[in-house]
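Data first, discussion second: the structure below is written as structure tokens.
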Amino acid sequence: MAIWQCVKQCGACCHLDPKYRPDLHEYLNPDELELYFSMVGADGWCMNYDHDTRECRIYSDRPRFCRVEPDVFEDMYSINSEDLNDFAIECCQQQIEGVYGDRSLEMLRFNQTIGYIAKL
Ligand code: SF4
Ligand code: SF4
């Protein structure tokens, strides 16, 4: 069974361009929405994302909506802890596909690291 984990040097979910996330208002409260929009840079990437190191510059202080944690996912998406693993895997794969492509090195690394075997 594939076990979700964040794979280093990915950063796909830090591409915040709201154009690709039309449902933001469904899971962010007004304060979070404001914070989210304030973080979007001109290129659509989060301004806290360091493209050289491919890491978050404010990792330990990152907003709640950046955290893959059971209480956050339950609150934002009504996902219970048993479904969190599969849901998080799907979210990452969708995000990686949108940003880097479904045959990208990032996708390959993600799937290999979590032990995901694609269904044919
Ligand atoms: S898309 Fe997933 S693996 Fe990539 S940085 Fe975000 S949480 Fe980590
Ligand atoms: S705050 Fe950090 S983790 Fe959140 S989107 Fe920005 S760079 Fe990514």
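Because only heavy atoms are used, hydrogens play no part in the values below, and waters and symmetry mates are left out as well, while side chains stay in. In listed order, ligands and their atoms are each counted from 1.
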For P63, state whether at least one heavy atom is located under 4.0 Å from any atom of ligand 2.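 Right, P63 reaches ligand 2.
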Considering heavy atoms of the protein only, find what lies nearest to [atom] and give residue, atom and distance to 0.1 Å.
atom: atom 5 (S) of ligand 1; value: G11 N, 3.2 Å
atom: atom 2 (Fe) of ligand 1; value: C92 SG, 2.4 Å
atom: atom 6 (Fe) of ligand 1; value: C13 SG, 2.3 Å
atom: atom 8 (Fe) of ligand 1; value: C6 SG, 2.4 Å
atom: atom 3 (S) of ligand 1; value: V7 N, 3.4 Å
atom: atom 4 (Fe) of ligand 1; value: C10 SG, 2.4 Å

Would you call the rings of W45 and H15 parallel, tilted or perpendicular, where under 30° means parallel and over 60° means perpendicular?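 Judged by the thresholds at 30° and 60°, the geometry between W45 and H15 is perpendicular.
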Taking the inter-plane angle between the rings of Y77 and F87 on a 0 to 90° scale, is it parallel (under 30°), tilted (30 to 60°) or perpendicular (over 60°)?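 Tilted, since the angle between the ring planes falls between 30° and 60°.
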Test salt bridge (Lys or Arg N to Asp or Glu O under 4.0 Å) applied to R21 and E26, step by step: CA-CA 10 Å; R21 302 192 189 198; E26 285 175 16; over 6 Å; no
Mind checking whether F37 and M47 sit in one hydrophobic cluster, side chains of I, L, V, M, F, W, Y counted as touching below 4.5 Å?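 No, F37 and M47 fall in different hydrophobic clusters.
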Indicate yes or no for a side-chain donor-acceptor contact from R67 to the backbone of R62 under 3.5 Å, with no hydrogens or angles considered.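 Yes: the side chain of R67 pairs with the backbone of R62.
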For C66, counting its heavy atoms only, list the atoms of ligand 2 lying under 4.0 Å from any of them.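 So the answer, numbered in order with elements, is 1 (S), 3 (S), 4 (Fe), 5 (S).
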Distance under 4.0 Å to a non-hydrogen atom of Y49: what atoms of ligand 2 satisfy this?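 Matching atoms, with element in brackets: 7 (S).
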Can a donor-acceptor pair be found between the side chains of Q93 and D102 at a distance below 3.5 Å?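 No, no side-chain donor-acceptor contact under 3.5 Å.
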Minimum distance, heavy atoms only, to atom 1 (S) of ligand 2: which one of D50, N48, D61 is it?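 Ranked by closest heavy atom to atom 1 (S) of ligand 2, first place is N48.
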What's the shortest heavy-atom distance between L33 and L24, and which atoms?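 Minimum heavy-atom contact is CD2-CB, 3.9 Å.
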